[in-house]
Amino acid sequence: MTDVLTFTDRGIYCPAGDFYIDPWRPVPRALITHAHSDHARWGMDSYLATPRTAAVMRHRLGDIAVQTIAYDTAQQIGDATVSFHPAGHVPGSAQIRIAVKGQVWVVSGDYKTVDDGLSEPFVPVPCHAFITECTFGLPIFNWTPQDILQGQINRWWAECAAAGKTAILGAYALGKAQRLLRLLDPAIGPILTHGAVENTNEVLRAQGIPLPATTRVDANVTAKTHPGALVLAMPSALGTPWARRFGPASTAFASGWMALRGVRRRRAADRGFIVSDHADWAGLNAAITATGAEKIFVTHGYTTAFQQWLRDQGHDAHVVSTDYQGEGFDAAEDAA
Amino acid sequence: MKAFAALFAQLDESTKTSVKVAALADYFRTAPDSDKLWTTALFTGRRPKRVITASKLRLWAAEVAGLPDWLFEESYSIVGDLAETIALVLPPPRATSDESLTYWIMHLRALGTQDEDARKAGIIAAWDRLPPAERFLFTKLLTGGFRIGVSAKLMTRALAQATGQPEPELTHKLMGNWTPDSVTWTSLIEADDPGTDASRPYPFYLAYGLEDLEALGPPADWSAERKWDGIRGQFILRGGTHYLWSRGEDLMTDRFPELAQLCDALPDGTVIDGEVLAFADGAPLPFAALQKRIGRKTVPRKLLAEAPVILMAYDLLEQDGRDIRHLPFADRRAALAGLVAQVSTHTPLRLSPQVPFGTWDDLAAARSQSRDVGAEGLMLKRHDSPYLSGRKKGDWWKWKVDPLTIDAVMIYAQAGSGRRANLFTDYTFAVRDGDALVPFTKAYSGLTDAEFRQITAWVRKNTLQKFGPVRQVPPVHVFEIAFEGINQSPRHKSGVALRFPRMLRWRQDKPVAEANTLDDLREMLRLYG
């Protein structure tokens with residue numbers, strides 16, 4: 001099997017097409033799986049991404065040279081044929097399939113296998129080699145089904161509203177925040193958004209993604225003007241002066257790391273909702289099996305353990321080090 | 001179990017004391033007596049006897065979850081808590097349960113008398129009937145430790161709210177060696193007299209570190225004595241039997257058999273607060289001598305000769321069967337002095353001498369001699385202070401000597417557990433020896449959460465080698481390590497062992513070349529060992 005992709009200090013490289021996938025240093029040509037900042041970085045001469053990813057990248061990175069490509073559409077780049085396929089991670093997120101002389105490799109980017117009701121649902125792509133993230137590649141990570149999660153969050157919000165408290169929910173601005181927005185029951189009260197969240201909402205609404213009505217928090221918005229509100233904010237905004245305007249509040253984080261009691265307690269929030277846009281243990285294993293790949297490369301996450309597990313299952317598995325971070329669980333990483 | 005799990009969730013999720021107390025008080029108003037009794041027992045460190053080893057539980061959980069043992073262990077190292085790991089990896093339960101906390105405790109105790117196969121079946125069946133939160137608690141009961149951030153103080157406050165009884169009285173009632181089998185809720189909490197159990201100790205009075213010497217007022221209002229470096233203990237002689245309790249409410253009577261001599265020397269109905277000290281030729285031995293005695297239930301004769309102990313008496317709490325804690329310290333001390341004076345000098349009982357002083361400057365001078373006399377500082381007590389319960393400010397203060405410090409280089413890091421799972425918080429430190437680095441201590445505490453996060457990110461990016469959970473890192477970061485004492489130790493490569501080492505500061509201003517050396521450490525051993 002010839003290597004369709006190689007792993008360099010700039011990122012994942014395809015010699016046949018002379019392009020990089022999600023590079024972390026400037027390169028002439030970059031194919032981007034999704035718009036999170038550890039995957040879509042500034043400084044590339046040209047970008048190729050799905051239309052929704054491109055829209056967020058333009059918002060985040062400004063004036064960049066980006067071409068778009070629809071899902072499931074083949075494009076020839078040099079001697080390589082590439083196509084993008086839904087990864088289910090955030091709106092517009094893609095797995096990238098690269099075929100060179102009959103050899104098919106797939107880069108997963110970040111993904112999850114459950115339908116979150118917002119992102120284009122994950123589709124397994126058969127391949128010879130699969131490069132997969134494993135942010136949550138341990139059997140301790142098993143996500144709460146979305147309908148139960150929805151009940152938990154709305155119940156918490158209703159309890160807060162009844163107790164005269166503002167509910168402040170910390171979540172990533174791109175993807176997680178909008179996914180949660182669509183789970184919220186607007187009958188409970190008004191939904192307020194942190195600027196970073198609302199900016200992303202605007203970009204996604206412009207892409208035709210319907211989201212419930214929200215109010216951007218500005219100097220005039222407080223607990224008094226919006227009693228019984230839920231505030232969607234960046235995790236890093238919790239516990240800051242910005243959050244104090246809401247008076248008595250109950251705080252919560254929405255993250256896969258909330259599965260761990262130690263992390264929950266360290267973050268010192270009132271509630272932790274277990275929800276991630278990455279695949280859980282069962283999801284990772286199901287996705288890998290579905291590709292039928294002979295060779296598996298695992299990147300960011302619990303790589304060493306996950307590689308060993310895959311080898312135990314009879315896979316030809318390898319660890320690749322990358323600069324991707326997946327889902328961080330501490331404030332410093334949340335800000336990234 | 002549902003009500004207990006709901007209580008646990010409230011306690012665990014909140015960081016606010018008022019919310020925790022309210023949740024507990026609510027539980028104590030509504031739960032059945034047997035569940036209240038067990039909850040009180042669990043939160044004061046009384047737990048059902050272990051019926052199964054942790055290693056068996058790991059094997060069975062891995063088997064039920066369909067995981068290889070190594071992957072279970074890997075998961076455990078990330079989660080940092082065995083019961084939580086088990087609750088997380090097991091498949092969802094296939095049935096439900098409405099049984100009480102007491103029911104499940106009785107269920108696991110009943111397993112104790114059965115053979116291993118039956119125990120295994122009983123535990124797996126329980127896992128399969130409990131949702132994750134309750135499964136975690138059930139497994140926590142199986143594995144022992146039940147530390148969940150509820151202090152005895154907080155629980156007593158909640159009990160006081162729920163029962164309308166004063167806190168100090170409840171604190172006293174909860175002391176001693178009761179178990180949920182030896183008492184009922186009514187006899188423990190609702191009965192009037194806490195003195196029915198002869199072995200029951202009084203709550204210890206604990207002091208805070210001194211904040212402002214000048215704020216204490218006239219020196220003449222105060223008494224000073226040495227703060228001895230042994231094991232704080234309460235000696236009880238009632239009904240012809242003696243008991244020795246540690247501050248952590250461990251009954252240590254059998255570990256220090258020489259103190260049985262006090263039974264003949266003291267009148268019945270005597271309770272003394274003091275310090276168990278290894279002591280010979282009129283002076284305390286280094287803490288290391290006492291350390292050999294700790295944890296030994298039976299003491300070989302050789303060790304008794306090498307490290308004999310005495311009770312250094314601080315205070316008298318009960319005289320002739322009367323609780324005298326309300327009397328002024330000066331009166332209690334006088335009564336204590338009277339008792340000790342009648343005792344033969346061969347008896348292992350001493351009165352902790354007062355340190356005379358006329359001005360605060362005199363006292364500061366006395367404090368600076370602490371290490372020379374084998375003490376870790378001074379204790380200040382107001383002459384008119386009653387013996388309070390728990391840690392209180394105002395009448396008693398401890399004034400410890402400044403710790404010894406050394407600048408050391410971090411060479412290994414390991415992730416913590418519990419609240420610190422996933423953070424590198426446990427470090428090994430080295431001193432320089434020529435070009436080499438010699439490890440000499442570990443430390444876990446003293447940095448802020450932000451500093452731990454910063455170092456964790458650095459460790460992740462700069463790991464040289466992994467040895468299981470331990471990461472070797474480049475010797476770059478220098479930390480100021482504080483410690484209370486230093487002793488010779490043939491078991492350590494460096495030849496020394498430190499007492500209470502912790503990180504005082506991250507010296508980001510210091511290069512490794514300016515860290516202390518092995519010779520510096522040896523010099524400290526010579527001076528203070």
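All chains are named by letter (A, B, ...) in the order of the sequence lines, taking the proteins before the strands, and each is independently numbered beginning at 1. All values reported here derive from a predicted model rather than from experimental measurement.
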Calculate, to the nearest 0.5 Å, the distance between atoms [atom1] and [atom2] belonging to [X] and [Y] respectively.
| X | Y | atom1 | atom2 | result |
| --- | --- | --- | --- | --- |
| B/L71 | A/L138 | CG | CG | 6.5 Å |
| B/S75 | A/F141 | OG | CZ | 8.5 Å |
| B/E74 | A/I140 | CD | CD1 | 9.5 Å |

Under the 3.5 angstrom rule, does the side chain of B/E84 hit a backbone N or O of A/R261 as a donor-acceptor pair? yes

Are any side-chain N or O atoms of A/N142 and backbone N or O atoms of B/L88, one a donor and one an acceptor, separated by less than 3.5 Å? yes

Name the region of B/F136, side chain, backbone, both or neither, that has any atom closer than 4.5 Å to a heavy atom of chain A. side chain

Bottom line for B/K466: the part with an atom under 4.5 Å from chain A's heavy atoms is side chain

Identify which part of A/S250 has an atom lying under 4.5 Å from any heavy atom of chain B, answering side chain, backbone, both or neither. neither

Quick check on A/D270 against chain B: is it the side chain, the backbone, both or neither that has a heavy atom closer than 4.5 Å? both

Check the surroundings of atom [atom1] in [X]: do more than 12 heavy atoms from other residues, nucleotides or ligands lie under 6.0 Å from it?
| X | atom1 | result |
| --- | --- | --- |
| B/W70 | CH2 | yes |
| B/K56 | NZ | no |
| A/R10 | CZ | no |

Shortest non-hydrogen contact between A/W309 and B/P68, atoms and distance: CZ3-CD, 3.5 Å

